[in-house]
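To keep things clear, I will list the structure first and then write my remarks on it.
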Amino acid sequence: MDHSAKLLWVLGLCVAVMAQQAAAVELLKGNLIGGKETPTGKTLINKVCSASPTKDLCVQVLSSDALSTTANLKELAIISLRVAARNASGILADTKVLIDDDELDPDVQQGLADCKENILDAESQLEDTIAALMVNSDGDAQLWLKAALAAIDTCDASIPGDDDILSVESAVFRKLCNIANLVIKQLANPTKS
Ligand SMILES: *[C@@H]1O[C@H](CO)[C@@H](O)[C@H](O)[C@H]1NC(C)=O
């Protein structure tokens with residue numbers, strides 16, 4: 001090989017190596033970006049609910065809205081909070097009927113009244129949670145939801161036993177709030193999901 005042929009060969013080799021490196025970088029970039037692509041809708045719902053102790057209910061709740069199929073994490077949080085708030089309204093209506101029963105022991109009646117107050121608080125705290133999310137105050141949202149869960153505890157403590165209608169309903173309500181809590185936690189701290 002004469003001098004210039006050698007030079008050409010080396011140059012060619014350089015170009016080949018550089019092209020390969022560039023391709024590798026592109027591939028790596030593609031993987032990173034592709035892997036970080038945020039899922040939405042059903043994929044996201046399954047991902048979020050995989051961490052739920054009530055997985056079926058979680059999927060059912062998060063899929064219940066017309067926007068569920070395209071929802072991002074924040075939208076899913078709002079969907080779950082609305083379901084929980086609606087549930088609270090239903091419970092409040094039932095509680096009213098229960099309290100109006102004249103045959104009830106005054107102590108039980110008082111307990112039901114206390115519980116009702118707390119479910120009412122929880123319902124408005126859920127609305128506050130939604131409002132906080134709307135303005136991207138994820139930390140506040142977590143605090144409001146925590147307050148709602150505490151109100152459910154107080155309600156439960158004011159009614160004896162756990163197989164009466166209200167206790168059963170409050171247990172479901174708590175599950176709904178816990179689902180919202182799961183979504184909000186992942187929203188506030190996506191790496192821990
Ligand atoms: C609360 O939600 C549960 C689960 O979706 C449902 O079965 C129940 O009927 C609801 N209760 C009220 C009072 O809305």
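We use all heavy atoms of the structure for the numbers below, so side chains are in, but hydrogens, waters and symmetry mates are not. For the single chain, residues carry numbers from 1 onward in sequence order. What you see is a predicted model, and the numbers here were worked out from it, not measured in a lab.
- Evaluation of the side-chain hydrogen bond (donor to acceptor under 3.5 Å, both in side chains) rule for Glu123 yields Ser89 as partners, not counting sequence neighbours.
- The cluster map of Ile, Leu, Val, Met, Phe, Trp and Tyr, joined by side-chain heavy atoms under 4.5 Å apart, puts Val168 and Leu176 in different clusters.
- For Asp107, the side-chain contact (heavy atoms from CB on, under 4.5 Å) partners two or more places apart in sequence, or in a different chain, are Asp105.
- In this structure, Leu98 CG and Ile91 CD1 are separated by 11.0 Å, a value rounded to the nearest 0.5 Å.
- Remark: Asp153 engages Arg174 in a side-chain contact (heavy atoms from CB on, under 4.5 Å) (not counting sequence neighbours).
- Within a 6.0 Å sphere centred on CG of Asp100, heavy atoms belonging to other residues, nucleotides or ligands number more than 12.
- Atom NZ of residue Lys42 and atom CD1 of residue Ile45 lie 7.0 Å apart, to the nearest 0.5 angstrom.
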Using the rule given for side chain to side chain contact (heavy atoms under 4.5 Å, CB included), can you reason through Asp121 versus Thr154, listing the C-alpha separation, both sets of side-chain angles and the distance that settles it, and then say yes or no? CA-CA 11 Å; Asp121 283 348; Thr154 312; over 6 Å; no
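- With sequence neighbours excluded, the residues forming a side-chain contact (heavy atoms from CB on, under 4.5 Å) with Gln109 are Ile99, Leu104, listed by chain and number.
- A distance of 6.5 Å separates CD1 in Ile179 from SG in Cys49, rounded to the nearest 0.5 Å.
- Side-chain contact check for Gln186 versus Leu182: some heavy-atom pair is nearer than 4.5 Å.
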Verdict with supporting geometry, Lys185 and Asn181, side chain to side chain contact (heavy atoms under 4.5 Å, CB included): CA-CA 6 Å; Lys185 268 192 196 149; Asn181 203 23; 4.2 Å; yes
Donor-acceptor contacts, no H, no angles, side chain residues 140-151, under 3.5 Å, sequence neighbours left out:
none

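- Sorted by first then second residue, the side-chain hydrogen bond (donor to acceptor under 3.5 Å, both in side chains) pairs that include residues 61-73, not counting sequence neighbours, number zero.
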Sequence neighbours left out, cut at 3.5 Å: what donor-acceptor pairs do the side chains of residues 79-86 make with other protein atoms?
residue: Ser80; atom: OG; partner: Leu76; partner atom: O; Å: 3.3
residue: Ser80; atom: OG; partner: Ala77; partner atom: O; Å: 2.8

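- A distance of 4.5 Å separates CD1 of Ile159 from SG of Cys115, quoted to the nearest 0.5 Å.
- Looking at residues two or more places apart in sequence or on another chain, you find a side-chain contact (heavy atoms from CB on, under 4.5 Å) between Leu187 and Leu73, Lys74, Leu133, Asp138.
- Checked against side-chain hydrogen bond (donor to acceptor under 3.5 Å, both in side chains), Ser170 has the following partners two or more places apart in sequence or in another chain: Asp156.
- Listed by chain and number, the residues in a disulfide bond (SG atoms under 2.5 Å apart) with Cys177 amount to none (sequence neighbours excluded).
- Separation of atoms CD (Glu117) and CG (Leu112) is listed at 12.5 Å; rounding is to 0.5 Å.
- With hydrogens and angles ignored, the 3.5 Å screen pairs no side-chain donor or acceptor of Ser137 with any backbone N or O of Gly139.
- Partners of Ser167 by side-chain hydrogen bond (donor to acceptor under 3.5 Å, both in side chains), not counting sequence neighbours, listed by chain and number: Asp164.
- Partner Ile119 forms a side-chain contact (heavy atoms from CB on, under 4.5 Å) with one of Leu166, Asn87, Asp114, Leu92 and no other, that one being Leu92.
- Connection of Ile130 to Leu67 is not established within any shared hydrophobic cluster, with ILVMFWY side chains joined at heavy-atom distances below 4.5 Å, either directly or through further cluster members.
- Of all heavy-atom pairs between Cys155 and Ser158, the closest is O-OG, 2.7 Å.
- To the nearest 0.5 angstrom, Ile152 atom CD1 is 7.5 Å from Asn178 atom CG.
- For Ser50, there are no side-chain hydrogen bond (donor to acceptor under 3.5 Å, both in side chains) partners, not counting sequence neighbours.
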